[in-house]
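Every chain is numbered from 1 and lettered A, B, ... according to where its sequence line falls, protein lines coming before strand lines.
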There are 2 protein chains.
Amino acid sequence: MHPMVNDDGTAKASTGPDTDSAGAAGGGKARTKSRGRPRSFDRETALEKALLAFWEHGYEATSVSDLTRVMDIGAPSLYAAFGDKRSLFEEVVRMYGTRHGSFTDRALAEEPTARAAVERALCEAATAYTEPGHPHGCLVVHAATNCSTPEVEKSLRDRRNANIAAIESRIRADVAAGVLPPATDAAALARHAGAMIQGMSQQARDGASREELEAVAEIALSVWPRTGTHTG
Amino acid sequence: MHPMVNDDGTAKASTGPDTDSAGAAGGGKARTKSRGRPRSFDRETALEKALLAFWEHGYEATSVSDLTRVMDIGAPSLYAAFGDKRSLFEEVVRMYGTRHGSFTDRALAEEPTARAAVERALCEAATAYTEPGHPHGCLVVHAATNCSTPEVEKSLRDRRNANIAAIESRIRADVAAGVLPPATDAAALARHAGAMIQGMSQQARDGASREELEAVAEIALSVWPRTGTHTG
DNA sequence: TCATTTCTGTAGCGACCACTAGAAAAAAGA
DNA sequence: TCTTTTTTCTAGTGGTCGCTACAGAAATGA
C-alpha cells in the first residue's frame, strides 16, 4: 500500500515483493525475474514521458489522465508502478535533477573558482533552458509555483534555495582562499547569481533564444572581478 | 448573457441595463440609482479580496469556491458582477497593474535616464515584492505560470515582455541622445534588467527579505555605466 | 398596492479530478 | 495442468471544478 524505495533507488509502490525481498541474507540483486505477469511498458521511458509533461505544464496542470495518455499506460499501471501522483512527480524531479538540472552543481565542483563556476553555470543555463526537444526553462523553477499542494511547492523551493546556498558556500571558499576580496558579500553575490539563473529561466519560458540569454549572462557576469582562470 | 465593458471601464456581465443605458445623449453618469435590488457588497472591496487570493495562489489554484469565500459573496453574485472566472482575473490583473505593478513604467517615465530608471525600478521592486500586507513577489510573474488556460498564460507573458520592450525603448532613446555609448546592446541590457526583476520576484517568493533584494539590485546595477543623474 | 427590475441563496448541473475495486490476462513455480 | 503472483483493463468511486436555473428578497416606478 505505502510507497517504498527499493534497491535501485527508485520509489515504487508495489514493484518487488512485499516479502523479505531479494538478498535479505543473499548477495543483493539476485532476483532478475519477477514472478507474475511482466510489465508491458518500459518504466524509465514512461518516466521520461511524465517528465516532459510535468516540465511543460507543471505539477497541478498535469492531470493523471494527461499522464496516462502521454505515458501510454492505464491508470492502475501508473499507480502500481509509481505510487500516487506526488510520488511520480518526486521521481520525475529526481530524474530532472540528474539529467538536466545539475549543471550548477557540476560547475561548482569542477571549476577552479567561484567566478568560473558561475560563468559556466550561466552559460550552460542559456543552452539548457533553450534546448530543443524539451520544454524551455527550468522545471524546478516553474513546475510548482502556485501549487495548491504546499509540500510539493516547498520541495522545489528547497531545491532552489539549496542551489543558492551551494553557490554562496563556493564563494566563501574563494574568499577564505584569498581568490576574492575579504569584503565580498558572498550571500548577495550568490543570490544575484541565483536570481539571474531564475530570471533567465523565466525569459526562456517567455521566448528568449539561447543567444539572447547568453548576452544576458555575459552582462550579468560583468559584476564579478575577473580573477578566475576560466577565460570565456 | 455576454460580458460587456461599461462606462467606468470595468468588465461586467449584467450590471447596468442592456437597454440604451445611461447618457446615450445625456451627460454621462447621470444614472446614480439602478432600479432593482441593490448589491449587498462593495464591488471594489470584493475585487481587492480576489486580487489577494489570485496573487497568493495563482489563477488555476484559486477556485471559484475559494473566491466566493474570501470575497464573502455567493457564486451567482460573483458571476453577475464580474462575469466568469477569467474576466474576474483579468480585472484583478488590471487592478494589480495600477496599484502594485506600475513602478517600472513610472520610473521609465519620470527618471531622466534609462540607468536611473532601472536603478529606481530595481530598488522599488525590492520594496514592493516584500511589502507586508500582501503576498510577496509579482502577480504578473507568478499567477499564471503552468496554467492550463493558454490565453491567461499568454496575457501575462505579453505584459512581462511589454515591460522589457519598454525598458529597451528607453535605453535606445538614451543611446540616440548620446547618454549611453552607441555600441550599447539595448535589447540585452533591457532583458538583463527584466530577468533581474523577475529573478528578484522569485527570490521574494522564496523568502528573500527586502534588504537581501536590495543587495542583489545593487550588484545588478553595477553592470551599468555610471552616467545617470540619479544618485542612489 | 402592484408590477418591474435586479440581486441573493439554494441547490444542483455535467465534467473532470485523483484514485481504486474487481476480474481477466500473462507470466513463473509446482 | 494447476496454483500463485503480478499486471492489465473496465468501470467505476466520492469529491471538486466552473457555472447556472430557479425562486424568493429587496429595491424602484406606476
Distance, rounded to the nearest Å, where A/Arg43 contributes CZ and D/dT8 contributes P: 12 Å
Rounded to the Å, how far apart are B/Ile73 CD1 and C/dT10 C1'? 16 Å
Quick check: does any side chain N or O of B/Asp66 sit under 3.5 Å from a backbone N or O of B/Ser63, one acting as donor and the other as acceptor? yes
A/Asp84 and A/Ser87 side chains, donor-acceptor separation under 3.5 Å: yes
Can you say whether the rings of A/Phe103 and A/Tyr129 are parallel (under 30°), tilted (30 to 60°) or perpendicular (over 60°)? perpendicular
Whole-Å distance separating the NZ atom of A/Lys85 from the P atom of D/dG15: 19 Å
Between C1' of D/dC9 and CG of A/Leu78, the distance in whole Å: 15 Å
Look at the side-chain N and O atoms of A/Ser77 and state whether any lies under 4.0 Å from the OP1 or OP2 oxygen of D/dT7. no
Atom CE of A/Met71 and atom C1' of D/dT8: how far apart are they, to the nearest Å? 15 Å
What is the separation between atom CZ on B/Phe41 and atom P on C/dC7, rounded to the nearest whole Å? 9 Å
For B/Tyr79 and D/dT20, is the shortest distance between a side-chain N/O and OP1 or OP2 below 4.0 Å? no
Would B/Lys85 pass as a cation-pi partner of B/Tyr79, given that its NZ or CZ must be under 6.0 Å from the six-membered ring centre and within 45 degrees of the axis? no
Closest to the side chain of B/Pro76, out of D/dC19, C/dT8, C/dT20, is C/dT8
Between B/Arg205 and B/Glu56, is there a salt bridge with N-O shorter than 4.0 Å? no
Going 5' to 3' through nucleotides 23-30 of chain D, assign each nucleotide B (protein heavy atom under 4.0 Å from a base atom), S (under 4.0 Å only from sugar-phosphate atoms) or - (no protein heavy atom that close). -BBBBBS-
note: A/Arg69, atom CZ; C/dC16, atom P; distance rounded to Å ~ 11 Å
From D/dT8, D/dG18, C/dC7, pick the nucleotide closest to the side chain of A/Arg39? D/dT8
Nearest to the side chain of B/Ser63, which nucleotide is it out of C/dC19, D/dC17, C/dC17? D/dC17
Touch check for B/Thr62, heavy atoms < 4.0 angstrom, all strands: base, sugar-phosphate only, or nothing? sugar-phosphate
Side-chain N or O of B/Ser40 closer than 4.0 Å to phosphate OP1/OP2 of C/dC7: no
Does the plane of the ring in A/Tyr96 sit parallel, tilted or perpendicular to the ring in A/Trp55? Use 30° and 60° as the thresholds. perpendicular
B/Tyr59 OH to D/dG18 P, straight-line distance once rounded to whole Å: 8 Å
Could you tell me whether B/Glu44 and B/Arg99 have a side-chain N and a carboxylate O separated by less than 4.0 Å? yes
